[in-house]
Amino acid sequence: MSDTMQVSGTVQPRAPLQTQSNRNQRTTTGHHGKPGVPQEFVHRPFVDDILVTSWRRLDDSRFSLTAQWPHDHGYFTPVHGHHHLILTGETIRQAGLLLCHTELGVPVGHHFILGDLVYTTHPEHLAVGSGPTRLTIDVTCSRIRMRAGTLAGGHFHMTIRKAGRIVATGYSDVTVTSPAVYRRIRGERLTARRTLGPLPLPVPHQQTGSAKDRDVLLSPTDRPDQWQLRIAPGHAAMVNPANDHIPGMLLLDAAQQAARALTAPQVFVPYAFGTEFRRYAEHDMPCTIVAQRVPSALPSTTTVQVTGSQEGKPVFVSTLTALDGRR
């Protein structure tokens with residue numbers, strides 16, 4: 001578009017929301033005195049769900065952040081002694097949002113459209129200890145698009161380390177819209193909210209790797225590879241009642257639950273997770289989740305592709321890969 005300026009390889013420093021005198025290193029105090037960041041910068045209403053704890057700029061396109069993963073989170077519970085796979089995706093999401101608001105000129109209240117979220121973990125470095133796992137995150141921004149001095153979109157590549165060892169790498173692609181543009185995109189669905197009705201029965205939580213039945217996002221159908229999305233009232237991944245659509249992180253969790261249910265009773269603990277979001281998942285439409293095994297690129301691995309659809313149109317497509325024979 002004519003009003004979009006392409007910036008190749010660099011990000012111009014801009015921090016209109018800066019509130020602290022030390023520009024190079026920013027931290028705030030969170031719950032129980034833990035380091036944290038303002039909730040509005042990572043779009044999380046509960047302090048205990050904030051994973052990123054500080055950030056600083058290295059140069060025009062690189063940043064260094066810190067984060068910590070809880071060992072006793074009420075929803076993202078450890079799986080076979082390792083941190084939950086979704087924590088990596090949520091960390092990438094929060095890190096990108098934080099930098100957009102604090103360093104890239106995006107005002108709070110603008111909307112983010114997530115395109116791709118792709119990451120690979122190293123399970124040997126993801127063991128859960130007796131306390132929070134402290135992490136560092138190296139972020140490189142590229143393919144930055146600016147419009148009227150504000151970020152319109154970009155690519156965020158991240159490397160997550162624990163005690164200097166790489167635990168995950170990944171990236172996200174985002175588009176940013178102003179409230180006015182978002183209103184035009186969403187139209188009458190802008191005021192859509194989740195309505196509570198009879199909740200279908202869940203798949204047994206043992207099949208999905210969930211801690212309890214209320215955390216299960218899948219309801220069985222007459223096919224072993226197909227489910228209907230179900231969201232219990234007060235579900236931990238659906239914490240913002242103001243959402244006009246189903247959050248992307250909830251869809252990621254549904255995808256990994258479907259992959260586990262398809263492969264049960266095999267132990268399926270994915271180390272790689274890639275998702276392409278095609279459109280918004282609407283509150284007032286059934287969402288069908290279908291999983292299928294697909295050929296793996298690497299030996300001794302199992303790959304599952306999960307597709308979520310509404311009215312026959314794909315909402316998201318996820319690909320998850322796990323090592324075979326994991327115990």
Side-chain angles (χ1 to χ4, degrees), residues 27-54 65-98 117 119 121-137 158 160-163 167-168 170 172 202 205-218 231-241 243 246-260 267-271 273 275 320:
T27 62
T28 59
T29 300
H31 191 44
H32 299 315
K34 296 185 301 185
V37 301
Q39 293 153 265
E40 62 269 23
F41 288 175
V42 294
H43 301 192
R44 276 297 180 191
F46 298 140
V47 172
D48 284 348
D49 290 339
I50 298 176
L51 306 176
V52 181
T53 56
S54 72
L65 293 81
T66 61
Q68 63 180 26
W69 287 346
H71 66 293
D72 56 356
H73 193 277
Y75 180 68
F76 294 120
T77 54
V79 178
H80 299 285
H82 289 71
H83 283 291
H84 198 293
L85 179 69
I86 301 297
L87 280 177
T88 301
E90 176 64 10
T91 301
I92 293 173
R93 186 192 77 90
Q94 289 189 19
L97 289 172
L98 175 65
L117 180 59
Y119 53 94
T121 65
H122 297 264
E124 66 272 20
H125 300 318
L126 291 176
V128 177
S130 59
T133 299
R134 301 186 185 281
L135 305 164
T136 61
I137 311 168
M158 306 193 192
I160 303 174
R161 291 181 171 87
K162 169 187 173 184
V167 301
S172 64
H205 69 268
Q206 297 88 344
Q207 293 184 19
T208 65
S210 305
K212 44 190 177 294
D213 282 349
R214 68 169 286 110
D215 295 336
V216 175
L217 295 169
L218 307 177
I231 307 172
H235 190 280
M238 188 72 180
V239 294
N240 188 353
N243 278 332
I246 299 170
M249 295 309 297
L250 185 141
L251 299 177
L252 260 64
D253 195 18
Q256 68 91 19
Q257 289 189 20
R260 292 177 193 273
V267 176
F268 185 83
V269 182
Y271 70 88
F273 199 165
T275 299
L320 303 90

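Everything numeric in this text was worked out from a predicted model, so none of it was measured. Count residues from 1 along the sequence.
- Here the side chain of Arg93 pairs a donor or acceptor atom with the backbone of Val42 at under 3.5 angstrom.
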Practice task
Would you sort out whether Ile50 and Phe41 count as a side-chain contact (heavy atoms from CB on, under 4.5 Å), showing the intermediate values?
Solution key: CA-CA 10 Å; Ile50 298 176; Phe41 288 175; over 6 Å; no
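- The two residues Thr77 and His84 come nearest to each other via the heavy atoms O-CD2, 3.5 Å.
- With hydrogens and angles disregarded, no donor-acceptor distance shorter than 3.5 Å links the side chain of Ser172 to the backbone of Leu117.
- For the atom pair NZ (Lys212) and CG (Asp215), the distance works out to 4.0 Å, reported to the nearest 0.5 Å.
- Using a distance-only test at 3.5 Å, with no hydrogens or angles considered, a donor-acceptor pair links the side chain of Thr66 to the main chain of Ser54.
- Side-chain N or O atoms of His71 include one that pairs as donor or acceptor with a backbone N or O of Ser130 at under 3.5 Å.
- For the 3.5 Å distance criterion, the side chains of His73 and Asp49 qualify, holding a donor opposite an acceptor.
- In this structure the side chain of Val79 reaches within 4.5 angstrom of the side chain of Arg260, judged on heavy atoms.
- Here the closest non-hydrogen pair linking Phe46 and Gln39 is N-NE2, 4.1 Å.
- Put simply, the side chain of Val269 does not reach to within 4.5 Å of the side chain of His82, judged on heavy atoms.
- Of the inter-residue distances, the one linking Ile246 atom CD1 with Ile231 atom CD1 reads 4.5 Å to the nearest 0.5 angstrom.
- Remark: Thr275 pairs with Ser318 by the side-chain hydrogen bond (donor to acceptor under 3.5 Å, both in side chains) rule, at least two apart or across chains.
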Exercise for the section: Could you please spell out the steps behind the side chain to side chain donor-acceptor pair (under 3.5 Å) verdict for Arg134 and Gln68? Expected result: CA-CA 4 Å; Arg134 301 186 185 281; Gln68 63 180 26; 3.0 Å; yes
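- Across Ile137 and Ala67, no two heavy atoms sit closer than the pair CD1-CB, 3.9 Å.
- With rounding to the nearest 0.5 angstrom, the CD1 atom of Ile160 is 5.5 Å from the OG1 atom of Thr88.
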Exercise for the section: Go through Val52 and Arg44 one step at a time and tell me if the side-chain contact (heavy atoms from CB on, under 4.5 Å) criterion holds. Expected result: CA-CA 11 Å; Val52 181; Arg44 276 297 180 191; over 6 Å; no
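- Between Gln256 and Ile86, the shortest heavy-atom distance links the atoms CG-CD1, 4.1 Å.
- Of all non-hydrogen atoms in Ala259 and Leu320, the two that sit nearest each other are CB-CD1, 4.2 Å.
- Classification of the Phe273-Tyr119 ring pair by plane angle, with boundaries at 30° and 60°, yields tilted.
- Note that the NE2 atom of His125 and the OG1 atom of Thr133 stand 13.0 Å from one another [nearest 0.5 Å].
- For the atom pair CD of Gln257 and CD of Gln207, the computed distance is 11.0 Å after rounding to the nearest 0.5 Å.
- If you run side-chain contact (heavy atoms from CB on, under 4.5 Å) between Leu65 and each of Leu51, Leu98, Thr136, only Leu98 comes through.
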